Amino acid sequence: MASSVTEPRPSDSSPVARAAAGPGETTPPGKRRKGLSERNRPLWLLIPGGLLMTIVILVPLAMGIWMSLIDLDQYTLRRWVSAEFIGIKNYIEAAVSSDLLRSIWLSVSFAVISTAVTVPLGVAAAVVTQNAYRGRALVRSVFLIPYVLPSFVVASVWRTMLQPDGIVNVTLNNLGMDGGLWLNGPNSYWTLVWVEIWAAWPFIYLLALSGLQAVDHEVHEASALDGALWWNKLRYVIFPYLKGPVSLAFLLATLNHINNFTLPYVLFGAPAPSDVNVLPILVYVTSFQSFRFGLSAAMAVVSLILIAIPLFIYLRAVRLDVHEGGKK
Amino acid sequence: MGMSKPRRLGTIAAAAISVLMLAACGGSGGTGGTTSGASGGKVDGTGKTLNVLMNVTAQYPQEQQAWFKEMGAKFKAETGADIQWETFASANDEMTRIQTSVVSGQGPDVYGLGTTFTPTAYSTGAFVKLGDNEWNQLGGKDKFVPAALGISGPDEGNQIGIPFVSRPFVMAYNTELLAAAGIEKPATTWDEFTEQAKKLTTGDQYGVAVAYKDNFDPWKYIWGMSIQAGNPIIDGSKVRLDDPITKKAYETYFGWVTKDKVVDPSSVGWANPQALAAFAAGKAAYFPMTSPLSIPALDASAVKGKYKYALMPTVPPGETSNPSGAKPATSILSGDNLVVADYSKQKDLAFAFVKMITDKDVQLNYFKVFGQLPANQEAAKELATNEVIAPALESGAKSVATPFSGAWGDVQLSLTNVVVQSIPDLSSGAVSGSNLSQRLKDEQAKSQTALDRAKK
C-alpha cells in the first residue's frame, strides 16, 4: 500500500504517458531519456517563487558584487551609479592593506574551535536527555535557555560579568587567582570562543536530539537482545543514526559562528580589540565608520566565498538534490 | 552601444534597486509634490507632511515623545502642516538612513546630526547649502551663538548645518573632596590637574574618574590636549597623529592609570556611565568629559549639592601656557546641527520648522526638559546667570570645532583605536613608548589614506 516517495508514479494517465512508459521503447543513444515526472511539468508555476528569489536574493547579491567593483564611499554615494569602476582594486586593497586576512584567520579559527567543542557537548546532552527519568522535562528546558536568549542579551550579561571588577574577576580573586582582562588583549579571543560555546551548544543538542528520536524502538530492542552494552550500543548502533543530523549541525553551526556579528559587537564594541577583529566586525567598521562601502563590499564577497566553500562540500557530500531512487 | 558593459550593468542594477527602494520607502516619503511658496514670511503647508529624523534621547524617551507632540501641534498651528517624526539611535543608524535616502531621493526632509558627523554628511553632498535666503528664512545668522556655527560647513560660504543644541564638555568636581584636600579652585593646566588628582587619591577614593573603554570619550581628551599644544591633528593635507605632541597627550592620558595611579584600575574597562557612577558615588573627585546632561543623574546621587562644573584645563601637558599657534580649546564643538535634505520637495516648510525649533522660547523649553544648551544666542544669554550652567555655556563659547573634513570619521576612529589596543598594556601597568609609537604609526597611515581620498 505504502508507495515509496522516491519512485515516480505517473500522475496522469494520458495515452502519451502510457506509451512512453510502455515496454520496448528504446532511448536514442546520446540523448538522456526524460523521466516521467519531468514531462509536461507546469514550470510556469515557478514564476512567483523565482521572481521573489530574484528580488530578495539575486538582485542584492548582484548589487553587492557590483559595489565591490566600484569606488563607492561617502563622496560618491549620492551619485553612486557614476562611481568609478575600479575592477578588483578593492579586493587588492582588502588583501594587501587591510586586516582582512587576519580577520579571516580569526573568524575561521574561532568558528572551528567553537564548533569542535559544542558538537561533543551537544551530543552528550542529547544522549543524557534521551531516556525518560524524573525531571527530564526540566533538564531539557534548562538546556534550551542559552539558545532562546537573544544574542544581544547573552553578550550584555557576559560583558557585565567579565568587567575588570566584574563578578568573574571578584570570584577568581577570592579563589586566589588573578583574572586579568577578559574583554581586551589576548584573552578576549578566548572570551569570544567561550561565550559563543555557551550560547551555541544547544543548537547541536537540538539537532542531535532530533536524530536520536528518529532511532526506531526496534533498534533499541534488537541491540538489547544482542546483549550490547551501553558504549557498544552507542558507538555502533546509535551514533550512525546521528551522522546525518550532526554533520548538518556541524556545518550550520560553523557558518553561524563565522557570521555572528552581535556577539563580538556587543561584547567588545567597535573598534574591536585586534584579537577579536573578526570578519563581520571588520566589514561593519569599514562600511559604517570609515564609509568605504566598495571596500567593505569586497570584504563581504570574500566572506561569502569563504562560507560557500564548506556549504558546497556539504551539499556535494549529502547530495540533498538527489534521492536514492534517482532524480526527483 | 556607447555604454560600456559594466556601466550598463550598473544602470540596470541601479534601476532595479531604485524600484525596490521606492517600493520599500513608499508611504514614508514626503507627500508634498511641489515646492510650497513662502508668501509674506508665512509658509502655507496645509495638507502637507514634513518628515523629520532626530537623534533619540535615550535618557528621556517619554519627554521626547511629549515634545514631538507639542512641536507637532505648534507647527500645525503655524503652517497647517503635519510632522512625521522618526528617530535614530546612533550615527551609524543615521548614515544607513542617509544612504538609502540619498540614493532613492526621498526620505526625511530635515535631519538632526551630531556635530562631528556633520563633515561626513557634508561630503555626501546631499544637503542644502545655506545662502542668505535660507539664513533669512531662519531668522538670520545672528540668531545663533557664534561658536556654534563653527562646524556648519568647511567655510562661511559652504554651510549646511544649522545649530540646534549645544552639549559642550566640562568637568564635574566634588566640592567637598577638593576642600578637604585643601584645593581652592579646580586646575587650569593638565599638569596641575594631575598634581591635584594625586592629592585627592586616598584609599578607595580616586582623583579622577575616566572611562578608558568608552567608544567616544578617549579621542576627545587626545584631540583637546593636542590642539591646546598646536596640533589640530588634520593639518591641511597632512594627518599629524604620529606627532610628538599627540604622543605626549596619550602618555598623559595613559599616565593617570599607569604612572600617577590617580584613577581606579578598573576604569580600563569603563564606559562613560560607569565613570559617572563612580563620581556620583563620591569615589572620585574629578569627572572630566561630561556635560550638563549629567545633572539629573548627579542630582539624584550621593553628591547632590556637592558638585560643580568647571572648564577642563586648557594648557597642554608639560606646559604652563599655550604655545604660539595653539588654541586653548575647552571642549570639542559638541551638540546637534539640523540639515535640510537637498532632495526635499518642501524646503520652505523644512526651513520654517527649523526656524521654529531654534527660536528662543522653544530652545529654553528644550533646555528645561532635556538639559541641552541652546544654540540660540538670546536663550543662551538668559541662562548665563544660572551658576551650574555658566561653566558649560562658557565652554561652549570657547569650544573649538574638530577639523571639517570627510576624513574626520576615520581620524576619530584611529584616535580611539590607539586607546582600545593599548588597554591590555594599561591594565598591566605600563604602555611602552615603542608600543605606543607603533600604534600611532599604524593609525597615522590609515588616517592619511582616508585624508588623501578626501582630497581627491
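None of the values given here were measured: they were computed from a predicted structure. By convention in this document, chain letters (A, B, ...) are assigned in the order of the sequence lines, proteins followed by strands, and residues within each chain are numbered from 1.
Atoms NZ and OG, on B:Lys446 and A:Ser98 in that order, are 9.0 Å from each other to the nearest 0.5 Å. The OG1 atom of B:Thr120 sits 11.0 Å away from the CG atom of A:Asp73 when rounded to the nearest 0.5 Å. Within the model, atoms CG of A:Asn277 and CD of B:Gln421 stand 7.5 Å from one another, a figure rounded to the nearest 0.5 Å.
Interface residue B:Gln274: only side-chain heavy atoms are found under 4.5 Å from chain A. Within the 4.5 angstrom heavy-atom criterion, no atom of A:Arg159 approaches chain B. Looking at B:Asn215, only its side chain comes within 4.5 Å of chain A, counting heavy atoms on both sides.
There is a side-chain donor-acceptor pair under 3.5 Å between B:Ser123 and A:Gln74.
For the options B:Thr449, B:Val268, B:Val420, heavy-atom pairs under 4.5 Å to chain A are most numerous at B:Val420. Your options are B:Ala271, B:Gly409, B:Gly406, B:Ala121, and the one with the most heavy-atom pairs under 4.5 Å with chain A is B:Gly406.
Here the closest non-hydrogen pair linking B:Lys213 and A:Asn184 is CE-ND2, 4.3 Å. Of all non-hydrogen atoms in A:Pro271 and B:Asn417, the two that sit nearest each other are CB-OD1, 3.5 Å. In terms of heavy atoms, B:Ala454 sits closest to A:Tyr75 at CB-OH, 2.9 Å. Among all heavy-atom pairs drawn from A:Gly185 and B:Pro424, the shortest one is CA-CG, 3.2 Å. The shortest heavy-atom contact between B:Arg453 and A:Asp71 is NH2-OD1, 2.8 Å. Scanning both residues, A:Pro164 and B:Ser266, for their nearest heavy atoms gives CG-O, 3.8 Å.
When each of B:Asp410, B:Thr416, B:Leu413 is checked for a side-chain contact (heavy atoms from CB on, under 4.5 Å) with A:Gln289, only B:Leu413 meets the rule.
In A:Phe312, the CZ atom is not crowded: 12 or fewer heavy atoms of neighbouring residues, nucleotides or ligands sit closer than 6.0 Å.
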Test log, rule side-chain contact (heavy atoms from CB on, under 4.5 Å), inputs B:Trp270 and A:Asp165
CA-CA 10 Å; B:Trp270 286 357; A:Asp165 52 353; 3.9 Å; yes
